[in-house]
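Just so it is clear, the values below take in all heavy atoms, side chains as well, and ignore hydrogens, waters and symmetry mates.
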Amino acid sequence: MNELVKTIQQLEKAQGKTIKDVAREAGVGENAIYRWSTNEPKISTLRRVADVLGVDYKVLLP
């Protein structure tokens, strides 16, 4: 698992959420987030996930 997915997991756990919760609120598939360990997400999608997590999307960038 790459740093992006690990960072998302740390942030969501700190907020008492799951990847499923974050994905649903951001309007992306749960599996899409897991696929980010091998595929780069679109910046627009990354921004939606960052908004749900309450962080700047740049925090999620390597």
Side-chain angles (χ1 to χ4, degrees):
M1 196 170 309
N2 76 356
E3 290 302 311
L4 171 59
V5 177
K6 286 181 186 177
T7 302
I8 291 171
Q9 288 178 325
Q10 290 170 349
L11 290 167
E12 54 148 74
K13 284 179 183 165
Q15 296 179 20
K17 296 182 180 188
T18 64
I19 287 236
K20 188 174 186 174
D21 295 332
V22 172
R24 187 184 71 246
E25 290 177 40
V28 300
E30 177 182 358
N31 290 332
I33 293 177
Y34 286 116
R35 281 193 299 268
W36 293 349
S37 59
T38 56
N39 299 321
E40 292 256 337
K42 292 180 181 177
I43 291 293
S44 60
T45 305
L46 196 59
R47 283 179 191 230
R48 289 198 320 259
V49 169
D51 286 346
V52 169
L53 294 170
V55 297
D56 189 299
Y57 78 98
K58 294 175 187 170
V59 170
L60 302 178
L61 296 175

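Under the 4.5 Å side-chain criterion, counting only non-hydrogen atoms from C-beta, P41 is in contact with L4. The shortest distance between side-chain heavy atoms of L46 and L61 falls below 4.5 Å.
The salt bridge (charged side-chain N to carboxylate O under 4.0 Å, His left out) test applied to R35 returns no partner, not counting sequence neighbours.
Within the 3.5 Å criterion, the main-chain N or O of W36 finds no donor-acceptor partner in the side chain of N39. No side-chain donor-acceptor contact under 3.5 Å links N2 to the backbone of T38.
Rounding to the nearest 0.5 Å gives a distance of 8.5 Å between CD of E12 and CD1 of I8. The line from NZ of K6 to CG of L11 is 14.0 Å long, rounded to the nearest 0.5 Å.
Applying the side-chain hydrogen bond (donor to acceptor under 3.5 Å, both in side chains) test to pairs two or more places apart or on separate chains, those with a residue in residues 44-62 are R47-Y57.
The nearest pair of heavy atoms linking I33 to V5 is O-CG2, 3.4 Å.
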Using a 3.5 Å cut-off and no angle test, enumerate the donor-acceptor pairs between side-chain atoms of residues 25-32 and protein atoms at least two apart in sequence or in another chain.
{"from": "E25", "atom 1": "OE1", "to": "K17", "atom 2": "NZ", "distance (Å)": "3.2"}

